[in-house]
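Okay, structure first, notes after.
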There are 2 protein chains.
Amino acid sequence: MPRATQTDLAVLAALSVAPMTGYAVRDAIRTHLGSFWNESFGQIYPALARLRTEGLVEVDAGERTGSSVHRLTAAGRARLVELMREPAVMTPPRNGMLLRLFFGDVIGAEACRALVGEAREQAVAQLAALAAARRETEAEPAELPQRAYWLMTISAGEHTARASIAWADETLAALTALTAP
Amino acid sequence: MPRATQTDLAVLAALSVAPMTGYAVRDAIRTHLGSFWNESFGQIYPALARLRTEGLVEVDAGERTGSSVHRLTAAGRARLVELMREPAVMTPPRNGMLLRLFFGDVIGAEACRALVGEAREQAVAQLAALAAARRETEAEPAELPQRAYWLMTISAGEHTARASIAWADETLAALTALTAP
DNA sequence: ACAAACATGTAACCAGTTACATGATTCA
DNA sequence: TGAATCATGTAACTGGTTACATGTTTGT
């Protein structure tokens with residue numbers, strides 16, 4: 001697990017679907033992986049430059065002046081497989097909402113209701129976004145080998161969002177019971 | 001949202017329950033908030049030193065030689081309330097398992113089954129740990145004002161873990177169908 | 001006597017965000 | 001003609017982990 005492995009993996013994987021500019025890599029990650037992955041320009045451009053010096057990606061001139069379309073080399077694809085087989089790292093959790101709720105009696109039930117209500121709203125929005133993504137993905141031809149995998153990750157998001165909503169409803173009720181016993 | 005706000009909040013909140021050594025703060029965070037928060041010594045000790053110079057915590061000598069028991073001052077409690085009322089920051093998501101699954105056709109369905117199977121195991125273990133935490137917390141006197149809040153965060157973990165298990169089962173079936181159609 | 005747990009702290013490193021600086025192209 | 005989007009890149013900063021270095025106390 002050397003340096004910037006995580007970003008390398010995400011970038012190489014994105015390029016494995018199609019050659020792209022750095023801008024497009026960021027866009028693709030945001031729209032397709034947004035609910036479980038994130039990369040900023042400040043990571044992507046240096047990573048791309050490094051991968052290039054390592055011979056893992058090559059560039060062609062893009063349609064616009066100054067744009068570079070990055071493409072995986074054979075070595076790049078081999079590296080991608082290598083990284084894919086490494087154990088998945090999970091970033092240590094940091095949920096500011098749950099932290100505040102745990103110490104909820106410092107701010108009181110009313111403030112906690114706001115906190116949980118907001119989390120519920122976010123989950124509802126997330127669910128709507130995933131429904132749209134699902135429709136789009138299901139419209140892809142069934143022969144597309146990636147299609148099944150994309151749907152699995154969408155389903156993961158849906159399960160998580162539904163669980164959040166169910167928990168929020170239960171918790172809002174408990175908080176109400178707390179204020180008016 | 002100035003510097004190290006997140007760690008300050010976690011540390012001040014921990015101290016609001018009871019005065020503690022830095023070591024105990026880390027331990028308390030790990031055992032009680034482990035499923036949604038994390039702090040390392042490398043964060044806690046400098047934070048404690050800083051909070052002390054800011055007059056937000058005071059220290060007494062602990063039972064062991066060299067140990068310092070940190071205690072919230074009035075200013076510290078005020079700062080805690082202030083931080084609690086700030087909007088909850090959510091760390092950008094980075095789920096290595098879902099990233100790999102999204103690009104699953106690079107490594108194939110078999111490798112993906114292993115990935116998802118491991119995630120399922122982790123969720124099962126998590127659920128068991130939460131069941132233990134729930135038993136302990138439910139044993140606390142019902143008058144303890146924190147008890148209800150602690151149970152809410154435990155419930156959040158349970159909902160999430162159950163959702164993970166349900167998703168993993170569904171996904172393992174889909175992956176099996178993919179290999180033997 | 002020894003291991004495990006308690007306890008404190010620093011230094012090096014890495015990962016990641018944000019803001020900045022710059023410019024081309026498309027479209028209303 | 002101006003706004004939005006496409007496009008690239010750097011620099012400063014911050015947040016955080018890990019490893020190291022050190023020592024005490026408790027329990028077996």
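Sequence lines set the chain letters: A, B, ... in the order given, protein chains first and strands last, and positions in each chain run from 1.
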*Using a 4.5 Å cut-off on heavy atoms from C-beta on, say whether the side chain of M84(B) contacts that of L99(A).*
no
*Could you tell me the separation between the CZ atom of R94(B) and the C1' atom of dG16(D), rounded to a whole number of Å?*
14 Å
*For the pair made of CG in L48(B) and P in dT10(C), what is the distance, rounded to whole Å?*
12 Å
*In sequence, state the C-alpha distance, the side-chain angles, and the governing distance for R79(B) and D8(B), and then conclude on salt bridge (Lys or Arg N to Asp or Glu O under 4.0 Å).*
CA-CA 9 Å; R79(B) 177 79 179 127; D8(B) 283 6; 5.0 Å; no
_Expressed as a whole number of angstroms, how long is the span from R30(A):CZ to dT17(C):P?_
12 Å
*Taking only heavy atoms on the protein side, list every residue of residues 56-70 of chain B lying under 4.0 Å from any atom of DNA chain D, sorted numerically.*
R64(B), T65(B)
_Measure CZ/F41(B) against P/dT22(D) and give the value in whole Å, please._
18 Å
*Rounded off to whole Å, could you give me the CZ-to-P distance for the R50(A) and dG16(C) pair?*
11 Å
*Position toward the 5' end of DNA chain C (nearest nucleotide), P92(B) or R52(B)*: R52(B)
*Can a side chain N or O of T7(A) be found less than 4.0 Å away from OP1 or OP2 on dG16(C)?*
yes
*Between the side chain of H70(B) and the main-chain N/O of S68(B), is any donor-acceptor distance below 3.5 Å?*
yes
_Rounded (10°) bend between the five-pair end axes of the helix from dA1(C)-dT28(D) to dA28(C)-dT1(D)_ = 40°
_Atom CD of E140(B) with >12 non-hydrogen neighbours under 6.0 angstrom_ = yes
*May I ask you to evaluate whether S40(B) reaches the phosphate of dG16(D), defined as a side-chain N or O under 4.0 Å from OP1 or OP2?*
no
*What is the distance from CD of Q43(B) to C1' of dT10(C), rounded to the nearest Å?*
13 Å
*In residues 20-28 of chain A, what residues come within less than 4.0 Å of DNA chain D, judged by heavy atoms?*
T21(A), G22(A), Y23(A)
_Rounded distance in Å - CD1 (I44(B)) to C1' (dT17(D))_ = 12 Å
*Mind checking the CG-CD spacing from L51(B) to E58(B)? Nearest 0.5 Å is all I need.*
12.5 Å
_Set out, in order, the CA-CA distance, both residues' side-chain angles and the distance that settles salt bridge (Lys or Arg N to Asp or Glu O under 4.0 Å) for E118(B) and R113(B), then state yes or no._
CA-CA 8 Å; E118(B) 210 189 315; R113(B) 281 184 62 84; over 6 Å; no
*Could you tell me whether the side chain of T73(B) and the main chain of L56(B) form a donor-acceptor pair under 3.5 Å?*
yes
*asked:* Taking atom CD as the centre, does E110(A) end up with more than 12 heavy-atom neighbours from other residues, nucleotides or ligands that are less than 6.0 angstrom away?
replied: no
*Would you indicate whether R147(A), at its atom CZ, is surrounded by more than 12 heavy atoms from other residues, nucleotides or ligands within a distance under 6.0 Å?*
yes
*What is the ring orientation for F102(A) with F36(B), classed by angle as parallel under 30°, tilted 30 to 60°, or perpendicular over 60°?*
tilted
*Could you give the CG-to-C1' distance, from L9(B) to dG15(D), as a whole number of Å?*
15 Å
*Determine, stepwise, if the pair E158(A) / R134(A) fulfils salt bridge (Lys or Arg N to Asp or Glu O under 4.0 Å).*
CA-CA 10 Å; E158(A) 288 168 339; R134(A) 171 175 286 282; 2.9 Å; yes
